[in-house]
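If you're wondering where the values come from, they're calculated on a predicted model, not measured in any experiment. Letters A, B, ... mirror the listed sequences (proteins, then strands); counts begin at 1.
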Amino acid sequence: KRSFSNVSAEHLEELEIALLSADVGPKTTERLLEEVKTKWKLSPDERLSILLKNSITSLLPPSFNVIDRFLQGKWVILVIGVNGSGKTTTIGKLGKILRDRGKSVIFVAGDTFRAAAIEQLEIWGERVGIPVIKHREGADPGAVAFDGLKSAKARGIDIVIVDTAGRLHTKYNLMEELKKVKRVIEREREDYQLYTLLVIDATTGQNAINQARMFNESLNIDGIAITKLDGTAKGGVIISIASELKIPVVLVGVGEGVEDMQGFNSKEFVDALFW
Amino acid sequence: VLTQKIQNIFDRIKRRGKLSEADIQEVLREIRITLLEADVNYKVVKDFLEKVKEKALQESVLKSISPSEQILKIIYEELTSMLGGEVKTDKGLPSVIMLIGLQGSGKTTTAGKLAVYYRKRQGRPLLVACDTRRPAAIQQLEVIGNSINVPVYKENTDPISIAVNAVKFAKEKVYMPVILDTSGRLHIDEDLMDELRKTYESVKPQEVFLVVDAMTGQDAVNIGESFAKVVPLTGIILTKMDGDARGGSALSMRAVTGVPIVFIGVGEKFDAIEPFYPDRIASRILG
Ligand SMILES: Nc1nc2c(ncn2[C@@H]2O[C@H](COP(=O)(O)OP(=O)(O)OP(=O)(O)O)[C@@H](O)[C@H]2O)c(=O)[nH]1
Ligand SMILES: Nc1nc2c(ncn2[C@@H]2O[C@H](COP(=O)(O)OP(=O)(O)OP(=O)(O)O)[C@@H](O)[C@H]2O)c(=O)[nH]1
Ligand SMILES: [Mg+2]
Ligand SMILES: [Mg+2]
């Protein structure tokens, strides 16, 4: 008679290593493996890896195509996240996708702090044929957001994508600044819907959970874009984020080029954890 | 917090009486979770636990009247020594520094910080814009150079030629250190890793600093190993330590490359750089 211990101890260890090295984190890993052991007792002919993949998938929110959502009605997409996560690049890529689908788009250069942040977004704007609303470096980001919306409403622009300065979620003043930018957008958006997109670097470890928690607490995150998945990091933290905060991953960055963005596909993501 | 968890385990043990190997295992399990949550690589955690177990099973600990204190001391000391022991003393002015690392890790900002740091130590730094790829990368370095009053060398050619010409220019005009800011790159991008190796060979920088984001997870081992294979690293700079990332990647990097952590970045301004103190990071990793 097959007992769990002689069939699977080694296999379970392999699965544990796969999860840990994918940044799933020790507590979520343990929970998942316990669940797999329980399920296996009820269906001992099922392969462990299949049971595990199903357990992970059930923690992730149901997949949907966020691009299709943006094609309906008018949107302001507020892009936030810690320093260097890939916000500005993601905005360039997202703008191109929406413009290719026939929408009119503008970029708002809301990073008025970092050296050449506005210039960087302007180059992306030129690359993808999208105008950029900007002020000078050092301007108040709320004022730029205000102008961006004013311009969008005047011109009947479908989608406004607002870039913001990178900031660590632990910095009170910077989080307050971001809340103020969101308040300005909420006040001025009229019939534009607002989508708050958190950008997370796939190489980030357990700190990504703190990032998601704190940004969510301050701003209510609608979705996550995970970038740099073209590297060797697997982005496993999003499983804990999904299970704790119920925030879906909607976009995936897979490179530095304008075409290097995909919608999040949970099956592909889960399969890739075990390569 | 690990100290509290270990204290609780030992309080329970005290009530039972003697300390056993099974008790040590329970303590090791708590340490393991703590280190994994702090982003120390699971292989590095395994090696670390074996070292701790070996020391913890010695008679002096098992028979001690305060075993929890003994164990905590072993953990803290082992961690501190793995992170690099005592603080590295100032090596003087390097002639050429090359900054390398993954996309967004903080290289360009760190270049500015190092320029200010070495100027305070009688240097005459030159920033070199070797990132010809990222949109407005050269402008970014120029704006930085302007704000800290440090000249920036730029040229409309390939990154390797820029580095070679900049070093030649620096020799003529007596600039030191020359700080080469390179493009962010993936350690699995063969062309870019090849470019890195060729840049190193052409310029032979005295210092090659791998710039790593403190919030890096398990991938730190892959990153460290891959970069170390391509160029001889002389130091690691851990950025964004002003956040709440525990910094376990520091231990992973150090364990797998043997390279010392030389600086930490603690903010976005150009004075936000500090020397690396292993004992402080050890406390931070232990939570
Ligand atoms: N390989 C790879 N690199 C990426 C990806 N997304 C962004 N990058 C790179 O990551 C670096 C940082 O990207 P940015 O768009 O400047 O990041 P950011 O969040 O706007 O940075 P700050 O505004 O400084 O906070 C750049 O070198 C980008 O080219 C991705 O999906 N894959
Ligand atoms: N809070 C904080 N932010 C930092 C630190 N170092 C860099 N940054 C920020 O991190 C972001 C990325 O920094 P960059 O210097 O552009 O990173 P990079 O490695 O040159 O990026 P690429 O050239 O695209 O690979 C910027 O927003 C910086 O201001 C630090 O120590 N603390
Ligand atoms: Mg940006
Ligand atoms: Mg750079």
If we only count heavy atoms from C-beta on, is the [X] to [Y] side-chain gap below 4.5 Å?
X       : Y       : result
Q218(B) : K234(A) : no
Y42(B)  : E16(A)  : no
M215(B) : L168(A) : yes

Heavy-atom pairs under 4.5 Å with chain B are the metric here; pick the option from [options] that has the most.
options                            : value
G231(A), G236(A), A208(A), A117(A) : G231(A)
T88(A), T204(A), T89(A), I209(A)   : T204(A)
R114(A), E122(A), E119(A)          : R114(A)

Under 3.5 Å, is there a donor-acceptor pair between the D219(B) and T203(A) side chains? no
Are a donor atom and an acceptor atom from the side chains of D244(B) and N207(A) found within less than 3.5 Å of each other? yes
Check the surroundings of atom [atom1] in [X]: do more than 12 heavy atoms from other residues, nucleotides or ligands lie under 6.0 Å from it?
X       : atom1 : answer
E225(B) : CD    : yes
K5(B)   : NZ    : yes
E13(A)  : CD    : no
D100(A) : CG    : yes
K113(B) : NZ    : yes
E176(A) : CD    : yes
R127(A) : CZ    : yes

Does R32(B) come within less than 4.0 Å of E30(A), counting only side-chain N to carboxylate O? no
Check D242(B) with K171(A), please: is the shortest side-chain N to carboxylate O separation under 4.0 Å? yes
Find the distance between [atom1] ([X]) and [atom2] ([Y]) and round it off to the nearest 0.5 Å.
X       : Y       : atom1 : atom2 : value
D201(A) : S105(B) : CG    : OG    : 9.5 Å
D23(A)  : D39(B)  : CG    : CG    : 6.5 Å
L186(B) : T232(A) : CG    : OG1   : 8.0 Å
L20(A)  : K43(B)  : CG    : NZ    : 12.0 Å

Nearest atoms (heavy-atom pairs only) where [X] meets [Y]:
X       : Y       : value
I144(B) : A115(A) : CG1-CB, 4.0 Å
P26(A)  : L36(B)  : CG-CB, 3.6 Å
G84(A)  : K240(B) : CA-NZ, 4.3 Å

Part of [X] lying under 4.5 Å from any heavy atom of chain B:
X       : answer
Q211(A) : side chain
V82(A)  : side chain
E256(A) : side chain

Tell me, side chain or backbone of [X] under 4.5 Å from chain A's heavy atoms, or both, or neither?
X       : value
E37(B)  : both
I33(B)  : both
L102(B) : side chain
N41(B)  : neither

If you tally heavy-atom pairs under 4.5 Å against chain A, which of R133(B), Q103(B), R246(B), Q139(B) wins? Q103(B)
